[in-house]
*Asks:* 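The structure under discussion is supplied below as structure tokens; questions concerning it will follow.
Predicted model, so just to flag it, every value in this text is computed and none were measured.
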Amino acid sequence: MDLGLKGKRALVTGSTAGIGLATARALAAEGAHVTLNGRTQARVDSALEKLKRELPAATVAGIAADLAGAEGCRRLISQLPEVDVLVNNLGIFEPKPFEAITDPDWLRFFETNVLSGIRLSRHYVGGMRSRNWGRIVFVSSESGLQIPAEMIHYGMTKTAQLAVARGLAETLAGTGVTVNSVLPGPTASEGVGGFVAQLAKSRGVDAATVEREFFATARPSSVLKRFATPEEVAAMIAYVCSVPASATTGAALRVDGGVVRSIA
């Protein structure tokens, strides 16, 4: 399927690894002109080198900016004033008991996971509206529907993203600009992979054992019974960024491996 993205300008935040990098790769493979983003120049350069090696004909660039704050968003926007596709992928997570989650923790998670996408969407949506074409995607999580007891502050931000995406879609009714959320389930991203490996080492078992136990105890409702790959999630994101996905807007699309026990 031709996704119709050739020549479209795309920005994927938090895209030096994991779902973000896989999404950037998928969009670049479709001919989009993709800008990567990460907090440090070294991470951005490394990701760019990898993509250019894998896709020699692709048009890719990178901007180092910490989007967890307003200044970082301003710096990125000054270097990239217009885009056709915005994937708000930046996000942090951290298991922590509720009683130990401080006010600064709550604010840090909200500003990183929610406000970064709000700030960028607020800027780029005007150009999309004037051109009557655009795609905005918020990478949320199944944790936005089933708040994990071990990281309530993270779940809160993922629910907030769903609300922002749906509300923004409503404001763009009747235009050629779509706004959607994509909800990954447990995914073998860089952070998760490192956490699993560390836990396996501390217990003297292999990563496969930790993975099996995770789905038996922490996510027993999973139908997939394994971590999704970043590429599996990126495939859904790339589709909703496409021209053929023009009738999909205001939606929360799950790539959760069936963790959420709902057919709607």
*Asks:* From the options Leu76, Val85, Asn89, select the one residue that forms a side chain to side chain contact (heavy atoms under 4.5 Å, CB included) with Leu11.
*Replies:* Leu76
*Asks:* Does any non-hydrogen side-chain atom of Val12 lie less than 4.5 Å from one of Leu27?
*Replies:*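 Counting from C-beta outward, Leu27 and Val12 do come under 4.5 Å.
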*Asks:* Linking Ile, Leu, Val, Met, Phe, Trp and Tyr by side-chain heavy atoms under 4.5 Å, what else ends up with Val223?
*Replies:*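 Grouped by the 4.5 Å side-chain rule, Val223 forms a cluster of one, so the answer is none.
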*Asks:* If you round to the nearest 0.5 Å, how far is CD of Glu30 from OG of Ser242?
*Replies:* 8.5 Å
*Asks:* With no hydrogens and no angle check, is any side-chain donor or acceptor of Thr157 less than 3.5 Å from a backbone partner on Tyr154?
*Replies:* yes
*Asks:* Enumerate the side chain to side chain donor-acceptor pair (under 3.5 Å) contacts for residues 52-64, please, sequence neighbours excluded, ordered by first and then second residue.
*Replies:*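 Listed once each, the pairs are Arg25-Glu54.
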*Asks:* One thing to verify: whether Glu142 and Arg219 come together as a salt bridge, which I'm taking to mean a side-chain N less than 4.0 angstrom from a carboxylate O.
*Replies:* yes
*Asks:* Hey, mind stepping through Lys225 and Glu211 against salt bridge (Lys or Arg N to Asp or Glu O under 4.0 Å) and telling me if it holds?
*Replies:* CA-CA 9 Å; Lys225 296 300 182 187; Glu211 183 173 357; over 6 Å; no
*Asks:* With rounding to the nearest 0.5 Å, note down the distance linking OG in Ser130 to CD in Glu82.
*Replies:*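 Between atom OG of Ser130 and atom CD of Glu82 there are 6.5 Å.
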*Asks:* Side-chain heavy atoms nearer than 4.5 Å, only ILVMFWY residues, links allowed to pass through others: does that put Ile118 and Leu168 together?
*Replies:* yes
*Asks:* With side chains defined as the heavy atoms from C-beta onward, is the minimum distance between His153 and Met151 less than 4.5 Å?
*Replies:*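 The answer is yes; the side chains approach within 4.5 Å.
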*Asks:* Could you note down all residue pairs passing ring pair (Phe, Tyr, Trp, His ring centres under 6.0 Å) where residues 214-251 supplies at least one of them, sequence neighbours left out?
*Replies:*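 Qualifying pairs: Phe214-Phe227, Phe215-Phe227.
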*Asks:* Could you go through residues 17-24 and list every donor-acceptor pair under 3.5 Å that involves a side-chain atom there, pairing it with any protein atom two or more places apart or in another chain?
*Replies:*
residue: Thr23; atom: OG1; partner: Ile19; partner atom: O; Å: 2.8

*Asks:* What I'd like to find out is whether the side chain of Val137 reaches to under 4.5 Å of the side chain of Leu86, using heavy atoms alone.
*Replies:* no
*Asks:* Ignoring hydrogens and angles, tell me if any N or O in the side chain of Glu49 forms a donor-acceptor pair with the backbone of Ser46 under 3.5 Å.
*Replies:*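 Checking the backbone N and O of Ser46 against the side chain of Glu49, no donor-acceptor pair under 3.5 Å is found.
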*Asks:* In chain order, what residues pass the salt bridge (charged side-chain N to carboxylate O under 4.0 Å, His left out) check against Arg75, with sequence neighbours excluded?
*Replies:* none
*Asks:* Checking Asp105 now: which residues fulfil side chain to side chain donor-acceptor pair (under 3.5 Å) with it, not counting sequence neighbours?
*Replies:*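 So Asp105 forms a side chain to side chain donor-acceptor pair (under 3.5 Å) with Lys96, Thr102, Arg108.
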*Asks:* To the nearest 0.5 angstrom, please state how far the CG atom of Asp84 sits from the CD1 atom of Ile136.
*Replies:* 11.0 Å
*Asks:* Give, for atom CD of Glu111 and atom CZ of Phe109, the distance between the pair rounded to the nearest 0.5 Å.
*Replies:*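 Glu111 CD to Phe109 CZ: 13.0 Å, rounded to 0.5 Å.
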*Asks:* So, Ser140 side chain and Ser181 main chain: donor-acceptor pair closer than 3.5 Å or not?
*Replies:*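 Not a single qualifying donor-acceptor pair exists.
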*Asks:* Inspect the contact between Glu213 and Arg203 and indicate whether a charged nitrogen and a carboxylate oxygen are less than 4.0 angstrom apart.
*Replies:* yes
*Asks:* Return yes if some donor-acceptor pair links the side-chain N/O of Thr187 with the main-chain N/O of Gly185 below 3.5 Å, else return no.
*Replies:*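 Yes; judged by distance alone, with no hydrogens or angles, the pair exists.
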*Asks:* Among all residues two or more places apart in sequence or in another chain, which pass the side chain to side chain donor-acceptor pair (under 3.5 Å) test with Glu71?
*Replies:*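 Only Arg74 meet the side chain to side chain donor-acceptor pair (under 3.5 Å) criterion with Glu71.
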*Asks:* Could you verify whether a donor N or O on one side chain and an acceptor N or O on the other, from Ser121 and Asn88, lie under 3.5 Å apart?
*Replies:* yes
*Asks:* With sequence neighbours left out, write down each residue that passes ring pair (Phe, Tyr, Trp, His ring centres under 6.0 Å) with His123, or none if nothing qualifies.
*Replies:* none
*Asks:* Looking only at side chains, do Lys158 and Gln161 share a donor and an acceptor under 3.5 Å apart?
*Replies:*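 Side chains of Lys158 and Gln161: pair found under 3.5 Å.
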*Asks:* Can you tell me how far CG of Leu172 sits from OG1 of Thr178, rounded to the nearest 0.5 angstrom?
*Replies:* 9.0 Å
*Asks:* Which residues, ordered by chain and number, are linked to Leu162 in its hydrophobic cluster, where ILVMFWY side chains connect at heavy-atom gaps below 4.5 Å, directly or through other members?
*Replies:* Leu145, Leu183, Val260
*Asks:* Quick one: side chains of residues 62-69, donor-acceptor pairs under 3.5 Å with protein atoms, not counting sequence neighbours, listed by atom name and distance.
*Replies:*
residue: Asp66; atom: OD1; partner: Ala68; partner atom: N; Å: 3.1

*Asks:* Is the ring pair Trp106/Phe98 parallel, tilted or perpendicular, if the boundaries are 30 and 60 degrees?
*Replies:*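 Taking Phe98 first and then Trp106, their aromatic rings stand perpendicular (interplane angle over 60°).
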*Asks:* Which residues pass the side chain to side chain donor-acceptor pair (under 3.5 Å) test with Arg212, sequence neighbours left out?
*Replies:* Thr209
*Asks:* Hey, does the side chain of Asn132 reach the backbone of Gly176 with a donor-acceptor pair shorter than 3.5 angstrom?
*Replies:*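 A pair under 3.5 Å: yes.
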*Asks:* Which pairs count as side chain to side chain donor-acceptor pair (under 3.5 Å) when at least one residue sits in residues 32-41, sequence neighbours excluded?
*Replies:*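 Applying side chain to side chain donor-acceptor pair (under 3.5 Å) to every pair that reaches into residues 32-41, excluding sequence neighbours, yields Gln41-Asp45.
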*Asks:* Under a 3.5 Å distance rule, please check whether Asn180 uses its side chain to pair with a backbone N or O of Leu253 as donor and acceptor.
*Replies:*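 Absent.
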